[in-house]
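Beneath this line is the structure, given in structure tokens, with notes to follow.
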Amino acid sequence: MSFNTRPVILTGDRTTGPLHLGHYVGSLKNRVALQESHRQFLLLADTQALTDNAHDPGKVRSNVLEVALDYLAVGIDPAKTTICVQSGLPALAELTTLYMNFVTVARLERNPTIKDEIHARGFGRDIPAGFLCYPVSQAADITAFKATVVPVGEDQLPLIEQTNEIARRINRQIGRDVLPEACALIPEIGRLPGIDGTAKMSKSQGNAIPLSASPDLIRESVRRMYTDPNHLRVSDPGTVEGNVVFTYLDAFDADRSAVDALKAHYRRGGLADMAVKRRLEDILQALLEPIRARRAALAREPGYVLDVLRQGTSRARQATQATLDEIRHGLGLFTFEFDAVPRSAADGSPLYPSSRP
Ligand code: TRP
């Protein structure tokens, strides 16, 4: 399949903090594999991050580079995947404005992801309008690239559904299928719990192991990991279900039969938590050591990373602008051709910047 006929993938991350092991099993690993067979775009979603971090734009900005470093460190290859910065793609903002007319406030308020997140962030009645509308901007992200595959966690499913609803409305209005529908690609493993055993690994919960974790932090995190609180003596039979150490072994240990044997031993009794934790620690140290080393090497070359982002964003500008042009044309918007307008005022100074270089 030639590069340009490959199915298009778009996915992204809010730039609110460095990525962690949950991101790794949930999507990064998939993305590294998918870049071989797909035309993949990765969006550093800084504009979306602002919808609940408007008070801290510095954090959002600095994490653009941190997340880019994480991408490159795990093996995203900028020659195969286009990495781009959302705020550098004005076509996305313009599409968002147009799409806003094809969705109701009631529909946004009913979106289960948004409902949960509004609750979790304690917005009460003071919901930033940008936050309520970020599903529309995410629909702009996905459709602007004409992505048909969107690898995301399960919590994002309602956003894909909402995207497809908007795409159908736009297509109906225009009278032909300008925008394709997108399919979510959900990781098999499901969501990685935090080291404290709560449902989600998340930096804000302090229960995450970042991809850039030092060997000491990895050791300490595994040591603190939630196991079976009733497994008091080594000889006691233990429970594997909900025991984070075993959940992580399921996610990271390639030797399935060894894990099965450990589980049986733990259930029978006679296997210490520390023994299982030592195995997990070895696996995580081995997984993260090369990632950390590559990340550190790249961090010493910020010029290279910035070049990757500049080139990726420039390529993404072309793709997204082409879709915007189609939508503008399809909706029959008034279109200027600046080149037809006098270029200079009476005194010879330019009136308008040229629309095309
Ligand atoms: N909402 C996603 C998240 O929080 C990030 C994101 C922004 C995204 N735009 C996207 C994901 C487009 C997939 C496609 O993780």
Side-chain angles (χ1 to χ4, degrees), residues 7-28 30-31 34 38-53 59-60 63-64 66-68 70-71 76 81-89 91-93 95-96 99 108 111-118 120-121 128 130-167 179-187 191-192 200-205 208 312-313 316 319-320 323:
V8 177
I9 289 189
L10 172 80
T11 184
D13 296 279
R14 292 182 189 204
T15 57
T16 50
L19 304 183
H20 52 61
L21 278 180
H23 296 109
Y24 183 78
V25 289
S27 68
L28 292 174
N30 270 341
R31 297 176 192 179
L34 289 165
H38 289 65
R39 192 168 170 220
Q40 182 163 254
F41 293 89
L42 292 189
L43 188 68
L44 293 159
D46 58 345
T47 318
Q48 188 179 112
L50 281 179
T51 64
D52 58 344
N53 286 281
K59 174 177 92 178
V60 170
N63 279 301
V64 168
E66 296 299 321
V67 177
D70 287 329
Y71 287 171
I76 295 294
T81 295
T82 301
I83 305 177
C84 54
V85 182
Q86 189 179 28
S87 64
L89 303 172
L92 299 182
L95 280 173
T96 303
Y99 292 177
L108 290 167
N111 184 311
T113 306
I114 298 298
K115 249 178 152 167
D116 288 353
E117 291 180 341
I118 285 174
R121 283 160 179 72
F131 189 84
L132 184 65
C133 296
Y134 93 72
V136 184
S137 112
Q138 191 154 324
D141 301 342
I142 294 169
T143 56
F145 290 94
K146 301 205 172 176
T148 53
V149 184
V150 185
V152 282
E154 205 160 355
D155 60 311
Q156 299 280 305
L157 275 175
L159 294 166
I160 311 292
E161 210 173 295
Q162 180 122 52
T163 296
N164 288 337
E165 258 175 58
I166 292 174
L179 302 176
E181 290 196 26
C183 262
L185 188 67
I186 307 292
R191 174 177 271 177
L192 196 69
K200 189 178 175 183
M201 179 175 276
S202 136
K203 184 171 166 277
S204 56
Q205 301 291 313
T313 305
T320 54
T323 305

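Position 1 is the first residue of the sequence, and the numbers go up from there. Because the structure is predicted, anything quoted here is derived from the model rather than measured. When a ligand or atom number is given, it counts from 1 through the structure's own listing order.
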When you pair each N or O of ligand 1 with protein N or O atoms, which pairs come out under 3.5 Å?
residue, atom, partner, partner atom, Å
ligand 1, 1 (N), Gln48, OE1, 2.8
ligand 1, 1 (N), Gln138, OE1, 2.8
ligand 1, 1 (N), Gln156, OE1, 3.0
ligand 1, 4 (O), Arg14, NE, 3.4
ligand 1, 9 (N), Asp141, OD2, 2.8

Of all residues at least two apart in sequence or in a different chain, which pass the ring-ring contact (aromatic ring centres under 6.0 Å, His included) check with Tyr24? none
For Tyr99, the ring-ring contact (aromatic ring centres under 6.0 Å, His included) test, sequence neighbours excluded, returns none
Where do Thr313 and Gly88 come nearest, in terms of heavy atoms and distance? CG2-O, 3.7 Å
Might you work through the side-chain contact (heavy atoms from CB on, under 4.5 Å) test for Glu117 and Phe131, ending with a clear yes or no? CA-CA 10 Å; Glu117 291 180 341; Phe131 189 84; 3.5 Å; yes
Side-chain contact test, heavy atoms from C-beta onward, threshold under 4.5 Å: evaluate it for Leu44 versus Asp46 and give yes or no. no
Taking only distance into account, with no hydrogens and no angle test, what donor-acceptor pairs under 3.5 Å do side-chain atoms of residues 11-18 form with protein atoms, sequence neighbours excluded?
residue, atom, partner, partner atom, Å
Thr11, OG1, Pro151, O, 2.8
Asp13, OD2, Arg31, NH1, 2.9
Asp13, OD2, Arg31, NH2, 3.2
Asp13, OD2, Tyr71, OH, 2.6
Arg14, NE, Gln48, OE1, 2.9
Arg14, NH1, Asp52, OD1, 3.4
Arg14, NH1, Asp52, OD2, 3.3
Arg14, NH2, Gln48, OE1, 3.3
Arg14, NH2, Tyr134, OH, 3.1
Thr15, OG1, Val60, O, 3.1

